Structure formats: C-alpha cells, structure tokens
Amino acid sequence: MHTHTIFRRPGRLCLNRAIGLGLAAALIAWRPPSPSAAAYKKETAPFSIAFEDEESAYLETSVFVMPKAALQIRVVAGPPGEYSIETDDGQLARRGPRSWQWDAPAKPGLFKLEVKGPPHTDTITVRAFVMVPAVEIKDGYLNGYRIGTYPDTPPKGNPLYRAPPGFVEVTKVNQDTRVSPHFRLKQFVCKQEPLAQFPKYVVLEERLILNLETILEEVNARGFDADTLHVMSGYRTPYYNGVLRDVRYSMHQFGGAADIFVDRHDKGVMDDLTRDGRVDLQDARYLHDLIDAMLMRPPFREFEGGMGYYPATSAHPPFVHVDVRGSRARWQG
C-alpha cells in the first residue's frame, strides 16, 4: 500500500469541498506503477519538526526568515529518545525537551541547522535562508535586480497579498541548493531578462515547497517515475508580472504559486500522462484532477488553494497552476 508523509500547517481550518471524493476520483484513470517507479524516494525521517506554522519530516527542509529573527523549532512526532540540534551560525537556546529557538544572524545568507534524532534514526537538515530586507529596494531595484513595485493595499486587507518583508538572494554559488529533497532554489527564480544576471532575488513560501513535494509523491504513486516537477513559472517580480499582463495580485509575486508540469526526461514539455499518444490539454487536466482528488483527502486539505489548467501555446506546453492561498478556487485557462 502506498503511504504519504503528512505535512500540515497546524491550526488552519479545513475547507469544504464543492465536489465529492468519488466524483473527483472517477476523473482519474488508474495507471499501474511502471517498473522503474521504485527510483523515487520520499527521503523522510522517522520524526517530524514544526517551524513557521509548518510541519515536515523531509530530510532536507527550508525556512525563510529575516535577519535577527527568532525561529522556533520543535520535534512534534517521532520515536522516544534524545533529540538535539546544531547550527553553523546564529544563536541556539533550548526551550523544552524537544524544542529550541534559533536567533538568525544579522547578515543575510544561507545557514544550516541539523536536527538529530535518537541513535539509529536520521538527521533533518534545515536550510535557513536569511533574507535581504525589502527596505533595501531603491527605485524598484535591489542590488541592480529589477523588482518593481508591489501594490500598496492588499485586497480586503488580506495578509497573503502584503508586500514581502525580504527577499532570498540567489547567486551562482547557491542557486543549486536543495530547498527540499526534490526541488532546487533555481527552479523558482523569475524568468525575467537578463537571465544571466546575478544576484537574483526570490520570494518563496515554505508551504508551496511542501505542497509540491506532496504532489510529486502522488505523481509517482500513479506510476510516473519523476524525480521532480518542471516549474515553468515560480516567483515573479511585480515588474515581470506586469510584463506578462497577469492579474495585479497574482500569487506568483508573493512566493505562493507555481505553474508546473510533469517532464520526466527534462525535454521542456509535458509528458503524455493520459497515454493516448499526444500531449494536449487533457494531460494538464489529468494532472489537475490528480491533485484535486489528493486535496480532498483529509491529510492534504491543508494544502488547499487555487488551481487551474491551461492548454499549450507557441510559448509553453500545457501546464497546471497551483497556489497556497488557503481557500479553494478552480478554473480552466
């Protein structure tokens, strides 16, 4: 039996579904696992940690904080025994038998924390990205990288659409950093020109990464041996979002959205998920319905958000948009 690792944001209300589990499941034709499907590994520890209102058991986990921020980390599930934590910078203080506070360094950069389980278990590596404060943006540019201007007032005061307080600096050195076992920092970088420019800057929500890992696990459970998802569009600066003429409050600008497709052989196109001999809108719908059915199962309702599927154009293959806005929205592009 295939089992999922559960990741959740504690305290959020589960959302009612507009359609039932049976109907959504019927939209997805079962495919037996391929012989190579065992190549995918979840890469999880036998315990999980909570941080920034998220929970994860991934051996590689990321968190995004401001300089001097106080980050609370605690072990919330796992075998009995002694747990410990180490860091390469910042200050650590124990807050309980299985909890600690890490005070981030004053300088932006990438730092490592290691939460070690009891003997004969694993270590969870937390990559802490200390962000460059947004106040350093001058005339729409951050160290020469064009950010643009965020909308002044969030719609209805929704905190999801507030301008981010800081940005992760992406360099030639750190762009290949794993933000989770199957995703790298560079996959979420804005596609604006000039592509060769460094440093670049990214806004990224921990929740989006955990959602994509869960989707990837489901894709593999359906028999598609994929070691990552192709992120066609992750973060977008407000400047680039304007170039694309997307909606003013696109979740891409706030690090909470990704346009994705399954591309097991890195060809830059969606795989033939329906196995009908062609790649078209139905493959995007297959992926959309697979994710939708997953989100209706109780362990994954915390990942609810906006989702739509789109046909191919001369500029891109068919794809699915997912975001972590926290409320259900569905559409066809």
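Given the structure is predicted, the values throughout are model-derived calculations rather than measurements.
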| query | Can you tell if the side chain of Asp280 reaches within under 4.5 Å of the side chain of Pro311, non-hydrogen atoms only? | reply | no

| message | With heavy-atom distances below 4.5 Å as the criterion, would you say the side chains of Asp323 and Met307 are in contact? | response | no

| field | Lys116/Glu114 ion pair, N-O < 4.0 Å | value | yes

| said: Would Lys42 pass as a cation-pi partner of Tyr40, given that its NZ or CZ must be under 6.0 Å from the six-membered ring centre and within 45 degrees of the axis? | reply: no

| field | Test item: side-chain donor near acceptor, Tyr201 and Asn143, under 3.5 Å | value | yes

| said: Taking the basic N atoms (NZ, or NE/NH1/NH2) and the acidic carboxylate oxygens, is any pair closer than 4.0 Å for Asp292 and Arg328? | reply: yes

| query | Any chain of hydrophobic side-chain contacts (each under 4.5 Å) joining Trp102 to Val76? | reply | no

| query | Should Asp89 and Lys107 count as an ion pair when the cut-off is N to O under 4.0 Å? | reply | yes

| message | With a 4.0 Å cut-off on N to O distance, would you call Arg264 and Asp272 a salt bridge? | response | no

| query | Backbone N or O of Val65 within a donor-acceptor pair of the Glu52 side chain at under 3.5 Å? | reply | no

| query | Quick one: do Ile147 and Tyr249 end up in the same hydrophobic cluster if we chain Ile, Leu, Val, Met, Phe, Trp and Tyr together by side-chain heavy atoms under 4.5 Å apart? | reply | yes

| task | Mind checking the CD-CG spacing from Gln192 to Leu195? Nearest 0.5 Å is all I need. | result | 9.0 Å

| field | Derivation of the side chain to side chain contact (heavy atoms under 4.5 Å, CB included) call for Phe51 and Glu206 | value | CA-CA 10 Å; Phe51 59 94; Glu206 297 93 347; 4.0 Å; yes

| remark: Between Ala106 and Pro67 the two heavy atoms that sit nearest each other are O-CB, 3.3 Å

| Is it the case that Tyr145 and Gln197 place a side-chain donor and acceptor less than 3.5 Å from each other? | no

| field | Step-by-step side-chain hydrogen bond (donor to acceptor under 3.5 Å, both in side chains) determination, Glu43 to Tyr58 | value | CA-CA 6 Å; Glu43 299 188 34; Tyr58 287 122; over 6 Å; no

| request: Could you tell me whether a side-chain N or O of Asp276 sits under 3.5 Å from a main-chain N or O of Arg278, the two making a donor and an acceptor? | output: yes

| query | What pairs with Phe47 under ring-ring contact (aromatic ring centres under 6.0 Å, His included), at least two apart in sequence or on another chain? | reply | Tyr83

| Below 4.0 angstrom, N of the basic side chain to O of the carboxylate: do Lys267 and Asp263 qualify? | no

| task | Report yes if the side chains of Leu113 and Ile85 come closer than 4.5 Å at any heavy-atom pair, otherwise no. | result | yes

| query | Which pair of heavy atoms, one from Tyr309 and one from Leu281, lies closest together, and at what distance? | reply | CD1-CD1, 3.5 Å

| field | Result of checking Phe111, Phe167, Phe64 against Phe129 for ring pair (Phe, Tyr, Trp, His ring centres under 6.0 Å) | value | Phe64

| His252 and Asp259: side-chain donor and acceptor closer than 3.5 Å? | yes

| query | Taking atom types as modelled, is there a side-chain donor on Glu213 or Ser180 under 3.5 Å from an acceptor on the other? | reply | yes

| query | Sub-3.5 Å donor-acceptor pair from the side chain of His230 to the main-chain atoms of Phe319, do we have one? | reply | no

| query | Measuring from Ser62:OG to Phe183:CZ, what's the distance to the nearest 0.5 Å? | reply | 12.0 Å

| request: Could you state whether Val115 and Leu59 fall into the same hydrophobic cluster, counting links through intermediate Ile, Leu, Val, Met, Phe, Trp or Tyr residues with side-chain heavy atoms under 4.5 angstrom apart? | output: no

| query | So Trp331 and Tyr310, would you call those rings parallel, tilted or perpendicular, with 30° and 60° as cut-offs? | reply | perpendicular

| message | Could you check whether Arg297 pairs with Glu218 (Lys NZ or Arg NE/NH1/NH2 to Asp/Glu carboxylate O, under 4.0 Å)? | response | yes

| said: Taking Met270's backbone N and O only, do any of them form a donor-acceptor pair with Asp283's side chain (distance below 3.5 Å, no angle check)? | reply: no

| message | Determine whether a donor-acceptor pair (N or O, by modelled atom type, separation under 3.5 Å) exists between the side chain of Asp246 and the backbone of Gly242. | response | no

| request: Taking the six-membered ring for Trp and the full ring for Phe, Tyr or His, determine whether the centres of Phe254 and Tyr150 are under 6.0 Å apart. | output: yes

| task | Find out if a path of hydrophobic residues (ILVMFWY) with successive side-chain heavy-atom gaps under 4.5 Å connects Met131 to Val63. | result | no

| request: Answer yes or no: is there an ion pair linking Arg330 with Glu304, defined by an N-O contact shorter than 4.0 Å? | output: yes

| field | Closest non-hydrogen atom pair, Leu295 against Phe303 | value | CD2-CB, 3.6 Å

| Ion pair Lys186/Asp176, N-O distance below 4.0 Å | yes

| Verdict with reasoning, Gln187 to Thr228, per side-chain hydrogen bond (donor to acceptor under 3.5 Å, both in side chains) | CA-CA 10 Å; Gln187 290 177 266; Thr228 191; 3.3 Å; yes

| Do side-chain atoms of Thr214 reach the backbone of Leu210 as a donor and acceptor pair under 3.5 angstrom? | yes

| said: Quick check against the 3.5 Å criterion: does Arg285 have a side-chain atom that pairs as donor or acceptor with the backbone of His288? | reply: no

| request: Check the side chains of Gln253 and Thr237 for a donor-acceptor pair under 3.5 angstrom, ignoring hydrogens and angles. | output: no

| Do Asp103 side-chain atoms and Lys68 backbone N/O form a donor-acceptor pair below 3.5 Å? | no

| request: For the pair Arg127 (side chain) and Arg178 (backbone), establish whether a donor and an acceptor sit closer than 3.5 Å, ignoring hydrogens and angles. | output: yes

| request: Using the rule that two of Ile, Leu, Val, Met, Phe, Trp, Tyr join whenever any of their side-chain heavy atoms come within less than 4.5 Å, decide whether Leu212 and Val126 are in one cluster. | output: no

| said: Would you say Ser48 and Glu55 are linked by a side-chain donor-acceptor pair, where the criterion is simply a distance under 3.5 Å? | reply: yes

| Does Gly90 offer a backbone N or O that forms a donor-acceptor pair with the side chain of Thr87 under 3.5 Å? | no

| Should Arg98 and Arg74 count as side-chain neighbours, where that means a heavy-atom distance under 4.5 Å? | no

